[in-house]
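Working notes for the structure below.
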Amino acid sequence: MTTMAKADLLETLRKRGFIEQTTHEEELARFFAEGPATGYIGFDPTADSLHVGHLVPILALAHMQRAGHRPIALVGGGTGLVGDPSGKTEMRKLLTLEDVERNAAGIRRQLSRFLDFEEDRALLLNNAAWLLDLRVIPFLRDIGRHFSVNRMIKAEGYRLRLETEEGLSFIEFNYMVLQAFDFLELCRRHDCRLQMGGRDQWGNIVAGVELIRRVEQKAAFGITFPLITTSSGEKMGKTARGAVWLDPARTSPYEYFQFWVNTDDRDVGRFLALFTFLPLEEIRAVETLEADGLNAAKTILAFEATALAHGREEAAAALSAARRLFGARDLPADLLPSSRVPRQEEAAQAEATPTRAIPRARFQSGIPAFRLIHEAGLAASGAAARRLIEQGGAYLNGRRIEAHDRLVTEADLDADGGLMLRGGKKRFCRVQAEPER
RNA sequence: GGUGGGGUUCCCGAGUGGCUAAAGGGAACAGACUGUAAAUCUGUCGGCGAAUGCCUACGGAGGUUCGAAUCCUCCCCCCACCA
């Protein structure tokens, strides 16, 4: 990458919607121009998978790397044992060391899809390395003395908690100090001078910037990202069944693809800028589209986002499955031309529709439709499946199921020994009869 | 440790002996309308192979009663003030 690209990073991030606030605007721009710069973002190991809500930070690191800088992803193996109170109204349950280690491993795997860790072009570190063995007294004397409690209790992250009944425990109160110390440690070890994070991290980031200036007399910078909400006001990335995960075992590539296709009209352009690498000039054209064109843009958004998280093949398979279930539509060649999405339906692709296997013998006696719907995962219980059918929302091979106790038999199986169930408008499940062994 | 307030179904929150599987709102799901969008309207919304049927449920364990989320006893947890 050229020096040009390095210098442009701040502008790129800004134009694509990544930036909420920065410290030292002009110095920061110079810092990038003089790069390569090293910057980091912390990830809490609260689960063994990251989810859609983490994409903004992940892609920010990826943009850094693409511009020729060096990103660090810091897994909070140490701070995860403490728990960040920022933006939380109640105290988090504390994680065990084993939890944290297992979760850190999952996160590492997922990040490597977005970042190139070869030859230290990006670093993946765990703050457990320097936090776990800290000694209290030296820490208080060397680091603690730089923090003013008067100022800390005014920080937004703490104020919320100080005002509620829940209160703030001492362990959480230390979080800011530890995170600031992380930044200092990264500065010392890797000359890292930039920390990015969500808007609720502003206080923690600034604390680190100031600590570095005080202790090392070096310039350090912070950037926060806006909280991404959907136009309907929801926090982005949540659906009925909870978070949309990056782990394919938790959220299948097909579901992941569907999540993006179902983007609100008003969000398509913004999300393309944030969650894909397609050029902004092309994305701008999307703003004026409506109906069909907009749906095509959502398809490309879904393809690109899925390809980033799960790879091109999985994305193509999900697209192919979606085309089969919802009807094929070719994508216009002049829409987002940089995308390598398959614009027309190609010959048979790998099956990406969720599939459920049922022993063939059960079809011989016949399976009540509501039971099958339940087993296929299209309803949470038998009663729910019954309701679904009563309300006319259940389909077998494209035809509405009229009675909840209708028997599904071998006569309903197609040439491949399977059948297609549908719940509501967009949930599908293929049921495959398993031959006897 | 003391005093007071509280723990209700996914969430918020009513309910203080039967009419309560439990008001109302939110979320969610389905149908209509559509563009796999939004908005709107209608319906559903503990489980059970049909039920005016059975089971489970109002922090936990017992008890009173024909009958308890509602009354009593003990215990656990949360919050506030005091120490």
Ignoring hydrogens and angles, tell me if any N or O in the side chain of A:R66 forms a donor-acceptor pair with the backbone of A:A62 under 3.5 Å. no
Identify which nucleotide among B:rA37, B:rG35, B:rG31 has an atom closest to any side-chain atom of A:N295, counting heavy atoms from C-beta outward. B:rG35
A:N103 and A:V75, any side-chain heavy atoms less than 4.5 Å apart: no
Tell me the interatomic distance from A:K425, atom NZ, to B:rA30, atom P, rounded to whole angstroms. 8 Å
Take the protein atom CG of A:L331 and the nucleotide atom P of B:rG35, then report the distance between them rounded to whole Å. 18 Å
Applying the Watson-Crick and G-U wobble criteria at under 3.5 Å, what pairs with B:rC10? Answer none if nothing qualifies. B:rG26
Under a 3.5 Å limit for both distances, which nucleotide forms a Watson-Crick or G-U wobble pair with B:rC74, could you say? B:rG60
Counting primed atoms, P, OP1 and OP2 as sugar-phosphate and everything else as base, the B/S/- map of nucleotides 45-51 of chain B against protein heavy atoms under 4.0 Å is S-SSBS-
Whole-angstrom distance between B:rU65 and B:rC72, as gauged at atom C1': 12 Å
Heavy atoms from C-beta onward define the side chain here; which of B:rU36, B:rG35, B:rG31 lies closest to that of A:A322? B:rU36
Short question: side chain of A:N127, backbone of A:D182 - any donor-acceptor pair under 3.5 Å? no
Taking A:R16 for the side chain and A:A273 for the main chain, is one N or O donor matched with an acceptor at less than 3.5 Å? yes
Can any side-chain N or O of A:Q65 pair as donor or acceptor with the backbone N or O of A:D116 at less than 3.5 Å? yes
Given that both distances must come in under 3.5 Å, which nucleotide forms a Watson-Crick or G-U wobble pair with B:rG31? B:rC41
Write down the distance separating the C1' atoms in B:rU70 and B:rG7, rounded off to the nearest Å. 15 Å
When A:F363 is tested against each of A:T409, A:L407, A:I358 for side chain to side chain contact (heavy atoms under 4.5 Å, CB included), which residue passes? A:I358
Length of the line joining A:K426:NZ and B:rA30:C1', which is rounded to integer Å: 13 Å
From CD1 of A:I300 across to P of B:rG35 the rounded distance in Å is 20 Å
Side-chain donor or acceptor of A:H146 paired with backbone N/O of A:I143 under 3.5 Å: no
Between B:rC29 atom P and A:L388 atom CG, what is the distance in whole Å? 12 Å
Between B:rC12 and B:rG18 - C1' atom distance, rounded Å: 28 Å
Tell me if a side-chain donor or acceptor on A:Q179 pairs with a main-chain N or O of A:N204 at a distance below 3.5 Å. no
Expressed in whole Å, how much space separates the P atoms belonging to B:rC75 and B:rU3? 13 Å
Are A:F181 and A:F139 close enough, and set up right, to give a ring-ring contact (aromatic ring centres under 6.0 Å, His included), and what steps lead you there? CA-CA 10 Å; A:F181 180 67; A:F139 182 74; 5.2 Å; yes
Looking across every strand, which nucleic acid part, if any, lies under 4.0 Å from A:Q258 by heavy atom: base, sugar-phosphate, or nothing? base
Considering every strand and a 4.0 Å limit on heavy-atom distances, what is the contact class for A:D264: base, sugar-phosphate, or nothing? sugar-phosphate
Re B:rG4: Watson-Crick or G-U wobble partner, both distances kept under 3.5 Å, found to be B:rC79
At their closest point, which heavy atom of A:Q110 faces which heavy atom of A:L50, and how far apart are they? OE1-N, 2.8 Å
So, do A:T23 and A:W202 sit near enough that their side-chain heavy atoms are less than 4.5 Å apart? yes
Distance in angstrom units between A:L378 CG and B:rU44 P, rounded: 22 Å
When rounded to the nearest Å, what value does the distance between C1' atoms of B:rA57 and B:rA22 take? 10 Å
Pairing partner of B:rG53, by Watson-Crick or G-U wobble and under 3.5 Å for both distances, is B:rC48
With 3.5 Å as the limit, what N/O pairs link the protein to nucleotides 41-43 of chain B?
residue: B:rG43; atom: N2; partner: A:Q391; partner atom: OE1; Å: 3.0
residue: B:rG43; atom: N3; partner: A:Q391; partner atom: OE1; Å: 3.4

Check the pair A:D8, A:K15 against salt bridge (charged side-chain N to carboxylate O under 4.0 Å, His left out), reporting the backbone distance first and the verdict last. CA-CA 11 Å; A:D8 287 344; A:K15 282 186 185 153; over 6 Å; no
Distance between C1' atoms of B:rA14 and B:rA61 (Å, rounded): 27 Å
Please list, pair by pair, any protein nitrogen or oxygen found under 3.5 Å from a nitrogen or oxygen in nucleotides 53-58 of chain B.
none

Remember a base hit wins even if backbone is also touched, and classify A:R422 as base, sugar-phosphate or nothing at under 4.0 Å, heavy atoms. nothing
Of all the nucleotides listed (B:rA30, B:rA37, B:rG31), which has the minimum atom distance to the side chain of A:R427? B:rA30
Could you check if a side-chain atom of A:L421 sits within less than 4.5 angstrom of a side-chain atom of A:R356, using non-hydrogen atoms only? no
May I have the distance from A:D265 (atom CG) to B:rA37 (atom C1'), rounded to whole angstrom? 4 Å
Using atom CZ of A:R266 as one end and atom P of B:rG35 as the other, report the distance to the nearest whole Å. 18 Å
How far does the P atom of B:rC19 sit from the matching atom of B:rG53, given to the nearest Å? 13 Å
Minimal non-hydrogen separation, A:L115 against A:P71, with atom names: CD2-CG, 4.3 Å
For the C1' atoms, the ones on B:rC45 and on B:rG26, what distance do you get once it is rounded to whole angstrom? 13 Å
